[in-house]
Peer 1: 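One structure follows; several queries about it will come next.
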Protein chains: 2
Amino acid sequence: MTRTDTRERILDEAEQLMGARGYSGFSYQDIARPLGIRNAAIHYHFPTKADLGVAVIQRYRDMLAAAWKDFRAGRTSPRQQFDGYLHIFTHEAVRNQTLCPMGVLTADYFNLPDSMLEAGTTLKREVLEWLAEILASGRDSGDFRFEGNPEDEALMVMATLQGARQMARMIGTDAMMAIVTRLRSDLVADAGDRAA
Amino acid sequence: MTRTDTRERILDEAEQLMGARGYSGFSYQDIARPLGIRNAAIHYHFPTKADLGVAVIQRYRDMLAAAWKDFRAGRTSPRQQFDGYLHIFTHEAVRNQTLCPMGVLTADYFNLPDSMLEAGTTLKREVLEWLAEILASGRDSGDFRFEGNPEDEALMVMATLQGARQMARMIGTDAMMAIVTRLRSDLVADAGDRAA
DNA sequence: GTCTATAAAACGATAGAC
DNA sequence: GTCTATCGTTTTATAGAC
């Protein structure tokens, strides 16, 4: 049960640190110290830093896939599924002002090893495909209202979300939430969500 | 005339490198090599790396202030002034996929020395104030259409622009331009800009 | 699976000659 | 104003004991 516990705690710290300071902004020391282990112990689980970075992305992909599966199983409406993703996205942002792994990928792009870029390209595709699918079915069901094709709308939504989350560091999380709420209300067909 | 020429070329390289790889993603060596000078020569002009980072931000502020002054002097409509800013913003993004100094500030926030955070806070305030002013006068003149107060709209616009520019690294500059064009057409009151 | 010890390289920065 | 030379630190990573 505690077999791979250290590995998981390393990934927790790495995801946190990567979200806060970027891929080249944290070191093995930064992970080892709070965990009470040594540098070399991390290298046992993740031989190179690129391996660690890829593992963070892979775990994040698994988390999202599980969440999307839960959404489909539990709630029905596309709007509720979209809100589920917004909750995941904004919750961490408000809690510690980090970026999600996909935000790190775009922010730190030219610093990343090839293996991380490959994993990141897959992540990007999965997120945008899921979002476009939700938006498309949501427009059909009357949950959402937008012009153009769902793929373009998905890009627009992701850009605004990522930009807002990143700007939260300078404008605060309240202002970030205001942007997210506004984005959502622009997307929702019926009235009742609009602020003054 | 060539008195402070090296200093300016250092700033050119630094702005480029910072936009591509972030503040902690480039070194004095990265600047020195293409300029054909040595490490220590940069330290003569900018004693610490923080000094260099602050200088990049200051010069960018000056560039924007001059551009805004030209906008006011030359063109009249808020929409034309907004388009002028969009041109500056997207031009560099398409050319080399860098972030602007303000994008770097938010992306690299927790890696930055205090002096850069101070300069960055001023930059952020100036950009958002100018944008809110343009949006406000543009709505009065009929150039723009949006709900809520201009300050909130300015935040929404900046988040979308920064997010799109950052995502350009993964989705390409064409997709980025599509987002920017869409943002603009949502803002412009009369029809004729809308894509299918 | 974690440790000590260490290697090899890159980093920001300084001293002093020219 | 730029150079050579170097310092002290941190970085990723490896070898080998336990």
Peer 1: Look at the aromatic rings of A/Trp130 and A/Trp68 and report parallel, tilted or perpendicular, splitting at 30° and 60°.
Peer 2: parallel
Peer 1: May I ask you to decide whether B/Asp12 forms a salt bridge with B/Arg59, counting only side-chain N to carboxylate O separations under 4.0 Å?
Peer 2: yes
Peer 1: By nearest atom, which of the nucleotides C/dT14, C/dC3, C/dG12 is closest to the B/Tyr28 side chain?
Peer 2: C/dG12
Peer 1: Please tell me which of the listed nucleotides, C/dT4, D/dA13, C/dA13, lies nearest to the side chain of B/Asn39?
Peer 2: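 Selected nucleotide: C/dA13.
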Peer 1: Rounded to the nearest Å, what distance is computed from the CG atom of residue A/Asn111 to the P atom of nucleotide C/dA10?
Peer 2: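 In whole Å, C/dA10 P lies 16 Å from A/Asn111 CG.
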Peer 1: Consider the side chain of B/Ala40, meaning its heavy atoms from C-beta on, and name the nucleotide among C/dT14, C/dC3, C/dA13 that approaches it most closely.
Peer 2: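 Among C/dT14, C/dC3, C/dA13, the one nearest the side chain of B/Ala40 is C/dT14.
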Peer 1: Quick check for you: among D/dA13, C/dG12, D/dT11, whose closest atom lies nearest to any side-chain atom of A/Gln29?
Peer 2: D/dT11
Peer 1: Could you tell me how far apart B/Ile37 (CD1) and D/dG1 (C1') are, to the nearest whole angstrom?
Peer 2: 10 Å
Peer 1: Consider the side chain of B/His43, meaning its heavy atoms from C-beta on, and name the nucleotide among D/dT4, C/dT14, C/dC3 that approaches it most closely.
Peer 2: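 That would be C/dT14.
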Peer 1: Provide, to the nearest angstrom, the distance between the NZ atom belonging to A/Lys49 and the C1' atom belonging to D/dT10.
Peer 2: 12 Å
Peer 1: If you compare every side-chain N and O of A/Thr6 against the phosphate oxygens of C/dG1 (OP1, OP2), does one of them come in below 4.0 Å?
Peer 2: no
Peer 1: B/Arg38 has a side chain; which of D/dT14, D/dC3, C/dT2 sits nearest to it?
Peer 2: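 Closest nucleotide among those given: D/dC3.
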Peer 1: Nearest-Å distance, NE2 (B/His45) to P (D/dG1)?
Peer 2: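 Answer to the nearest Å: 6 Å.
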Peer 1: Is the shortest side-chain N to carboxylate O distance from A/Asp83 to A/Arg79 below 4.0 Å?
Peer 2: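 So A/Asp83 does not pair with A/Arg79 through a salt bridge.
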Peer 1: Between C/dA13, C/dT4, C/dC11, which nucleotide gets closest to the side-chain atoms of B/Ser27?
Peer 2: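 So the side chain of B/Ser27 is nearest to C/dC11.
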Peer 1: Can you see whether A/Ser137 engages A/Asp140 through a side-chain donor-acceptor pair at a distance of less than 3.5 angstrom?
Peer 2: no
Peer 1: With a 4.0 Å limit, can you tell me whether B/Tyr44 has a side-chain N or O closer than that to the phosphate oxygens OP1/OP2 of D/dT2?
Peer 2: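 For B/Tyr44, the contact criterion (side-chain N or O under 4.0 Å from OP1 or OP2 of D/dT2) is not met.
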